[in-house]
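Working notes, structure below.
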Amino acid sequence: EKRGAEFRRRAAVVWACPLLRSTMDMPVKLAKVNKVLGRTGNTGNVTQVRVEFLDDPTRSIIRNVKGPVREGDILTLLEWEREARRLR
């Protein structure tokens, strides 16, 4: 019962905000974190990781991730062509 109420509340928010509705229709790619490369950013709040795409395991890129992340996590990438610059 509690989960159903939460779902209805989120659905109402998405319906009310056209920007959220348009981002929900965008294609996404799933990628698995292979290796955590290090921390970056002014305060170290961004983690640089190497990810491997689930639909094409031969392809891997480096991405910056904000928030907690560890090896084995699955990321949802809204943009998957751009690669982050390596840490120095």
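If you're wondering where the values come from, they're calculated on a predicted model, not measured in any experiment.
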Item checked: Nearest-0.5 Å distance, CG of residue Leu78 to OG1 of residue Thr76 -> 7.5 Å
Next item on the list: Please lay out, stage by stage, how Arg85 and Gln48 fare under the test side-chain contact (heavy atoms from CB on, under 4.5 Å).
Entry: CA-CA 9 Å; Arg85 283 185 264 154; Gln48 206 162 63; 5.6 Å; no
Item checked: Separation of Glu83 CD from Arg50 CZ (nearest 0.5 Å) -> 6.5 Å
Next item on the list: Could you list who else is in Val46's hydrophobic cluster, with ILVMFWY side chains joined at under 4.5 Å, directly or through other members?
Entry: none
Notebook entry, point to check: Where is the tightest heavy-atom contact between Pro68 and Asp73, given as atom of each residue plus distance?
Noted result: O-OD2, 4.5 Å
Next item on the list: Measure the CZ-NZ distance between Arg63 and Lys66 for me, rounded to the nearest 0.5 Å.
Entry: 15.0 Å
Next item on the list: Among residues two or more places apart or on two chains, list those pairs meeting side-chain hydrogen bond (donor to acceptor under 3.5 Å, both in side chains) that have a residue in residues 28-42.
Entry: Lys29-Asp55, Asn34-Glu52, Arg39-Thr47
Check: Going by side-chain heavy atoms closer than 4.5 Å, which hydrophobic residues are tied to Val33, directly or by a chain of links?
Finding: Val36, Val49, Val51, Phe53, Ile61, Val65, Val69, Leu75, Leu77, Trp80
